[in-house]
Amino acid sequence: MENNLRKNFQIASDGVDPNIIPKKKLYTGDEMPAVGLGTFGSDRFTADQISDAVLGAISVGYRHIDCASVYENEKEIGEALEIAMKNRIKREDLWINSKIWNDMHGDGDVLISVAKTLKDLKLDYLDLYLIHWPFPNYHAPGCSVDSRSENAHPYIHEEFMKTWRQMERLVDMGLVRNIGTSNMTKAKFELLLKDARIKPAVNEMEQHPHFQQQELFDFCIKNNIQPIGFCPIGSPTRPDRDKTENDTVDIEDPVIVTAAKRLGVHPAVVCIKWAVQRGQVPIPFSVKRNEYLSNIKCVTENPLTDEEMEVISKIDKNCRLIKGQVFLWKDNQSWEDLWDLDGIIAK
């Protein structure tokens, strides 16, 4: 962790006032900052580098931090949060997300998982807790796309609901204020919404100009589920195992580049502006101060025009970058089987 911030944390003079960051009100009444810092970078950056970024991000105005147990850096992030909270940052002004990993879906495991996350993050409660993937199919961090867990199997709604019931109890216990999903599909949502006692407040999903998921986005909004968008600029630092030859590059799209030239900013900034103005909550990741500062500052100034928003809505290339191949459960499957593209849950 940067020694100057570790030893002398302070609010940056060139940062953004958190009070002017837009917020999204959830159906529960809680308000979530409309841009956050992602922390998935363990394939390329150390836990300490990411912890540095969290502390630096808080100093420049971030109050929304998106974490997950599988990122293997929550303990280090907890050290950053502790420093910030000992130096003028109130816990109630932070919005901290985390996620339960696939190997902790069993009876009693959800409580064990959240307890470890709370201990690591040095918190008494989470603002939001998500089921990371709707499958219990486990893979080790950093494994190849060909890796399969021995007990891998398709989505089974009855199993998922057993996990969801445990998530609901976390709310009852006061350990978690809101619960939600990640990497869900409309077909799976329809089952969950029918059976849930506490509805999901949020769905975290891949969203960027080349993968807008308009149908699922509209479904979430219609059902008062706030979309959080990961990979908001097309995740150029995503793991190599998630890259394929047909992937497109959002920040090289002529429409994005043209808007960036008008504003005098990096194309990545245009992607963040588009996300917030569209209505999702982007969680861009960066360990570089100039990048995470520009990512939050951009949502407070110089919005995209209606014309630019309209043009960007037409450059969707249906290019999913995080395909999830490691969660397949039988031979000769395609990653498309994970996403219920025909509206039917694959068996």
Side-chain angles (χ1 to χ4, degrees), residues 68 70 99-105 130-139 145-149 151-165 167 179-196 198-232 234-235 238 241-244 246-248 278-281 313 316-347:
V70 76
K99 312 176 193 78
I100 185 169
W101 189 235
N102 304 7
D103 59 341
M104 297 298 285
H105 285 202
L130 308 174
I131 298 181
H132 207 147
W133 288 83
F135 305 97
N137 304 346
Y138 173 78
H139 74 82
V145 295
D146 299 322
S147 176
R148 299 287 181 273
S149 57
N151 63 344
H153 58 264
Y155 177 85
I156 299 172
H157 184 61
E158 294 74 19
E159 283 192 3
F160 185 83
M161 286 309 302
K162 289 180 180 178
T163 306
W164 190 257
R165 296 298 180 218
M167 298 284 284
I179 52 176
T181 54
S182 179
N183 298 299
M184 283 286 272
T185 65
K186 182 180 175 182
K188 296 181 181 76
F189 260 135
E190 288 172 341
L191 296 176
L192 174 58
L193 292 176
K194 179 171 59 72
D195 292 340
I198 300 177
K199 309 291 186 184
V202 162
N203 182 53
E204 193 163 302
M205 53 200 275
E206 181 178 337
Q207 288 188 301
H208 44 92
H210 282 183
F211 192 62
Q212 299 183 21
Q213 297 211 73
Q214 190 66 50
E215 182 181 8
L216 183 56
F217 177 87
D218 290 343
F219 178 88
C220 287
I221 296 298
K222 179 181 178 181
N223 287 280
N224 293 317
I225 301 168
Q226 173 60 48
I228 294 179
F230 66 79
C231 298
S235 191
R238 67 188 181 278
R241 66 178 178 276
D242 287 322
K243 295 183 177 182
T244 60
N246 295 322
D247 292 348
T248 60
R278 185 189 185 214
Q280 65 223 40
V281 174
S313 74
D316 189 355
K317 299 184 183 300
N318 196 32
C319 180
R320 187 185 292 276
L321 301 175
I322 308 302
K323 300 174 177 65
Q325 302 98 315
V326 291
F327 304 121
L328 294 171
W329 54 90
K330 59 185 178 182
D331 295 334
N332 301 316
Q333 273 189 300
S334 167
W335 61 265
E336 287 93 341
D337 292 330
L338 295 168
W339 302 105
D340 311 333
L341 300 183
D342 58 0
I344 298 172
I345 298 174
K347 300 299 183 183

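For the numbers below, each heavy atom of this structure counts, side chains included, while hydrogens, waters and symmetry mates do not. Source: prediction; values computed, not measured.
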Out of curiosity, [X] [atom1] to [Y] [atom2], how far, rounded to the nearest 0.5 Å?
{"X": "Gln212", "Y": "Asp316", "atom1": "CD", "atom2": "CG", "value": "4.5 Å"}
{"X": "Ile225", "Y": "Phe219", "atom1": "CD1", "atom2": "CZ", "value": "6.0 Å"}
{"X": "Gln213", "Y": "Gln280", "atom1": "CD", "atom2": "CD", "value": "10.0 Å"}

Subject >> Within residues 206-218 or reaching into it, pairs that qualify as salt bridge (Lys or Arg N to Asp or Glu O under 4.0 Å) - sequence neighbours excluded >> reply: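 Matches after skipping sequence neighbours: Lys186-Glu215.
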
Tell me the closest heavy-atom pair linking [X] and [Y], and the distance in Å.
{"X": "Gln325", "Y": "Leu338", "result": "N-CD1, 4.3 Å"}
{"X": "His208", "Y": "Pro232", "result": "CB-O, 3.5 Å"}
{"X": "Met205", "Y": "Pro227", "result": "SD-CB, 4.1 Å"}
{"X": "His132", "Y": "Ala68", "result": "CE1-CB, 3.7 Å"}
{"X": "Lys347", "Y": "Lys330", "result": "O-NZ, 3.2 Å"}
{"X": "Phe230", "Y": "Ile322", "result": "CE1-CG1, 3.8 Å"}

If we only count heavy atoms from C-beta on, is the [X] to [Y] side-chain gap below 4.5 Å?
{"X": "Trp164", "Y": "Pro200", "value": "yes"}
{"X": "Phe211", "Y": "Leu321", "value": "no"}
{"X": "Asn223", "Y": "Lys199", "value": "no"}

Residue list, side chain to side chain donor-acceptor pair (under 3.5 Å) with [X], at least two apart or on another chain:
{"X": "His153", "answer": "Glu159"}
{"X": "Asn203", "answer": "Thr181"}
{"X": "Arg320", "answer": "none"}
{"X": "His210", "answer": "Thr248, Asp253"}

Original post:
Going through the checks in order, is the side-chain contact (heavy atoms from CB on, under 4.5 Å) test met by Cys220 and Phe189?
Top reply: CA-CA 9 Å; Cys220 287; Phe189 260 135; 4.0 Å; yes

**OP:** Determine yes or no for a side-chain-to-main-chain donor-acceptor pair under 3.5 angstrom, with Trp329 supplying the side chain and Tyr155 the backbone.
**Re:** no

Original post:
Would a distance-only check, ignoring hydrogens and angles, find a side-chain to backbone donor-acceptor pair under 3.5 Å from Asn183 to Trp133?
Top reply: no

Subject >> Ile131/His105 under side-chain contact (heavy atoms from CB on, under 4.5 Å): CA gap, chis, key distance, verdict >> reply: CA-CA 9 Å; Ile131 298 181; His105 285 202; 3.8 Å; yes

Subject >> Parallel, tilted or perpendicular: rings of Phe135 and Phe327 (30°, 60°) >> reply: parallel

Output all residues satisfying side-chain contact (heavy atoms from CB on, under 4.5 Å) with [X], sequence neighbours left out; order by chain, then residue number.
{"X": "Leu341", "answer": "Glu336, Trp339"}
{"X": "Lys243", "answer": "Arg44, Arg238, Asp240, Asp247"}
{"X": "Val281", "answer": "Lys24, Met32, His64, Gln226, Ile228"}
{"X": "Ala187", "answer": "Thr185, Asp340, Ile345"}

Subject >> Worked verdict on Arg278 versus Gln214 for side-chain contact (heavy atoms from CB on, under 4.5 Å) >> reply: CA-CA 11 Å; Arg278 185 189 185 214; Gln214 190 66 50; 2.9 Å; yes

Original post:
By ring-ring contact (aromatic ring centres under 6.0 Å, His included), which residues pair with Phe217, not counting sequence neighbours?
Top reply: none

